[in-house]
Protein chains: 2
Amino acid sequence: MLRKVDKHSGVPAYLQIVNMIKSEILLGNLQKGSQLPSIRDLQVIFDVNINTVIKALEKLKNEGYIESEQGIGYFIKKDIDVEEGVIKIIRECVTKLKNSRIDYYTSMLIFEEVWKNE
Amino acid sequence: MLRKVDKHSGVPAYLQIVNMIKSEILLGNLQKGSQLPSIRDLQVIFDVNINTVIKALEKLKNEGYIESEQGIGYFIKKDIDVEEGVIKIIRECVTKLKNSRIDYYTSMLIFEEVWKNE
DNA sequence: TATACTGTTATATAATTATATAACACTATA
DNA sequence: TATAGTGTTATATAATTATATAACAGTATA
């Protein structure tokens with residue numbers, strides 16, 4: 001689920017963290033209302049500096065995905081809606097693509113370009 | 001096709017340029033053997049500094065997508081294979097997703113997470 | 001040959017991102 | 001109350017990314 005940041009991808013680490021947590025919430029793997037691991041645990045999980053974790057969590061807070069309580073922890077907000085139909089469509093697409101042996105990175109590139117141009 | 005870089009996306013501009021050109025090649029919108037616009041034209045198209053364009057083109061050159069000729073220009077290599085089946089699958093997926101009103105960014109997040117976890 | 005295009009290389013500066021490190025404040029609990 | 005866990009704030013430094021700018025070198029053509 002939550003995994004190390006890819007330090008060679010070119011995408012800033014704090015953004016990778018934001019994206020990872022956000023999508024886990026949307027996929028329902030991180031449940032609404034539940035508590036995230038502590039900042040210092042996340043620092044180990046993502047393999048980054050504590051300030052980088054904080055920067056990511058601040059962004060998620062500003063975007064309304066999580067909230068924090070001083071001295072207690074970070075919690076996933078309860079008013080986020082998860083789109084089941086959409087997830088099914090994407091799962092099917094990914095399955096087909098993996099069978100065709102295209103790699104992840106190339107699929108994403110084509111996906112992006114098709115989306116933005118058509 | 002080739003469009004301005006998104007300076008607020010967090011993704012380095014030179015990488016956005018690399019991705020854009022790479023996927024246009026894979027989609028067949030930039031034909032094999034054809035010449036790219038000049039560096040100074042690309043600078044205007046992408047709205048970045050000339051050094052940023054050069055950095056992107058150097059990367060594409062290293063990855064074998066394009067080649068350059070001093071005083072003449074940049075050309076798309078001829079030995080790149082475009083995956084037609086894959087493109088069809090992705091086009092269908094994008095069409096469905098757009099009908100369900102999910103936004104691009106969220107789809108990409110879910111796409112990434114599904115791909116990497118399943 | 002002169003000119004106007006190409007790509008190439010270089011330097012200096014600024015902004016962004018990431019790290020290391022420390023200290024402070026709140027909460028729960030032994 | 002003492003302690004160990006939370007989040008929060010701050011400072012200094014380094015690496016990466018992007019800009020502005022200039023100069024140089026190869027190619028095609030009038």
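Predicted model, so just to flag it, every value in this text is computed and none were measured. In what follows, every chain begins at residue 1, and chains take the letters A, B, ... in the order their sequences are listed.
- As a whole-Å value, the separation of B:Ile50 CD1 from C:dT8 P is 11 Å.
- Note: CG (B:Leu42) to P (D:dT19) measures 14 Å, nearest angstrom.
- In this structure, a donor-acceptor pair under 3.5 Å is present between the side chains of A:Gln16 and A:Ser9.
- Between the CD1 atom of A:Ile54 and the P atom of D:dT6 there is a distance of 13 Å, given to the nearest Å.
- Following rounding to the nearest Å, A:Phe75 (CZ) and C:dC26 (P) show an atom-to-atom distance of 18 Å.
- For A:Asp41, taking side-chain heavy atoms from C-beta onward, the closest of the listed nucleotides D:dT8, C:dT17, D:dT6 is D:dT6.
- One atom, CD of B:Gln16, and another, P of D:dT17, lie 13 Å apart when rounded to the nearest Å.
- Phosphate contact (OP1/OP2 of C:dT17, side-chain N/O of A:Lys59, threshold under 4.0 Å): absent.
- The A:Ser68 side chain lies nearest to D:dG7 when the options are D:dA28, D:dT17, D:dG7.
- Nucleotide C:dT8 holds its C1' atom 17 Å from the NZ atom of B:Lys55, rounded to whole Å.
- With rounding to whole Å, A:Tyr74 atom OH is found 16 Å from C:dC26 atom P.
- Checked by distance alone, A:Asn51 brings no side-chain donor or acceptor within 3.5 Å of a matching partner on the base of C:dA18.
- In the hydrophobic clustering of ILVMFWY residues, with side-chain heavy atoms under 4.5 Å counting as a link, A:Val114 and B:Ile110 come out together.
- Residues A:Val18 and B:Leu15 are members of separate hydrophobic clusters, defined by side-chain heavy-atom contacts under 4.5 angstrom among Ile, Leu, Val, Met, Phe, Trp and Tyr.
- Interface remark: the B:Asn49 side chain does not form any donor-acceptor pair with the D:dA18 base, using a distance-only criterion of under 3.5 Å.
- Summarising the local packing, CD of B:Gln35 is surrounded by more than 12 heavy atoms from other residues, nucleotides or ligands at distances under 6.0 Å.
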What verdict does the side-chain hydrogen bond (donor to acceptor under 3.5 Å, both in side chains) test give for A:Thr106 and A:Asp103, after you've listed the backbone C-alpha separation in whole Å, the side-chain angles of each residue and the deciding distance to 0.1 Å? CA-CA 6 Å; A:Thr106 310; A:Asp103 65 279; 2.6 Å; yes
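- Nearest to the side chain of A:Tyr14, among C:dA18, D:dT9, C:dG7, sits C:dA18.
- Listed nucleotides C:dT17, C:dG7, D:dG7 differ in distance to B:Gln70; the shortest reach to its side chain belongs to C:dG7.
- Of the two residues near DNA chain D, B:Val48 and B:Arg40, the one whose nearest nucleotide lies more 5' is B:Val48.
- When distances are taken from the side chain of A:Lys7 to each of C:dG7, C:dT21, C:dT19, the shortest belongs to C:dT19.
- When the C1' atom of C:dG7 is taken as reference, atom CD of B:Glu69 falls 11 Å away, rounded to whole Å.
- At least one side-chain nitrogen or oxygen of A:Thr52 sits closer than 4.0 Å to the OP1 or OP2 atom of C:dT19.
- As judged by a 4.0 angstrom heavy-atom cut-off over every strand, B:Leu57 is placed among residues making no nucleic acid contact.
- At the heavy-atom level, A:Ile39 lies under 4.0 Å from base atoms of the strands shown.
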